[in-house]
Amino acid sequence: MPGIDPEFMKKRQKVSEHGGHAVWGPVEPPSKLGIHGTNVAVDFDICIADGACIEVCPVNVYEWFETPGHPASEKKADPVREPDCIFCMACESACPVNAIKITPP
Ligand code: SF4
């Protein structure tokens, strides 16, 4: 499965901030939403709102964010508490579509 580009920090640009974390473009709403977060990065264009990451995270990093009109799903797991991540990798392993890339500092 293709999944999030592990090289996204080299290949993409930070285009904005959202909920305290960076957004890596391209962003063209509602169909292209980019990657949210850096050390805890979720490719919103791949996320299907499965919710496994939200369930497994021991420190509650994620919150749902509504994304009406996006072709993959109408809500996304947003890493709003990215600084709380303890890099256990549970979310990256649990994601059924490989939308998450965890990069310990
Ligand atoms: S790596 Fe672990 S602590 Fe960090 S966001 Fe994923 S599940 Fe939560």
Side-chain angles (χ1 to χ4, degrees):
M1 190 174 298
I4 186 171
D5 182 353
E7 305 264 278
F8 78 90
M9 283 184 236
K10 286 187 203 147
K11 297 189 191 159
R12 294 182 179 223
Q13 309 244 324
K14 279 186 199 174
V15 294
S16 62
E17 296 267 326
H18 171 253
H21 55 260
V23 180
W24 301 75
V27 173
E28 291 160 30
S31 60
K32 259 195 192 173
L33 300 173
I35 291 176
H36 279 233
T38 302
N39 299 103
V40 180
V42 181
D43 192 325
F44 272 22
D45 295 313
I46 296 174
C47 175
I48 56 168
D50 174 81
C53 55
I54 291 179
E55 280 169 34
V56 297
C57 182
V59 291
N60 201 24
V61 163
Y62 296 100
E63 235 169 50
W64 288 120
F65 177 66
E66 302 293 321
T67 58
H70 189 270
S73 60
E74 302 222 318
K75 62 180 180 176
K76 308 293 176 182
D78 200 19
V80 291
R81 284 173 287 275
E82 183 179 45
D84 291 351
C85 177
I86 56 171
F87 306 103
C88 73
M89 314 307 269
C91 58
E92 190 181 291
S93 306
C95 180
V97 289
N98 295 328
I100 302 174
K101 172 77 184 155
I102 300 297
T103 308

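Model, not experiment: these values are computed from the prediction. For ligands, and for the atoms within them, numbers begin at 1 and follow the listed sequence.
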Which side-chain N or O atoms in residues 47-55 pair as donor and acceptor under 3.5 Å with protein atoms at least two apart or in another chain?
unit_1, atom_1, unit_2, atom_2, d
Asp50, OD2, Ala52, N, 3.1

Expected output: side-chain [X] to main-chain [Y] donor-acceptor under 3.5 Å:
| X | Y | result |
| --- | --- | --- |
| Glu82 | Thr38 | yes |
| Asp45 | Gly34 | yes |
| Thr67 | Lys75 | yes |

N/O donor-acceptor pairs under 3.5 Å from side chains in residues 10-17, not counting sequence neighbours:
unit_1, atom_1, unit_2, atom_2, d
Lys11, NZ, Asp5, OD2, 3.1
Arg12, NH1, Gly25, O, 3.1

Ligand-residue contact atoms, ligand 1 with Tyr62, heavy atoms, under 4.0 Å = 5 (S)
Within the 2.8 Å cut-off the protein N, O or S neighbours of atom 2 (Fe) of ligand 1 are Cys88 SG
By the rule that ILVMFWY residues connect when side-chain heavy atoms come within less than 4.5 angstrom, directly or transitively, which residues belong alongside Val80?
-> none
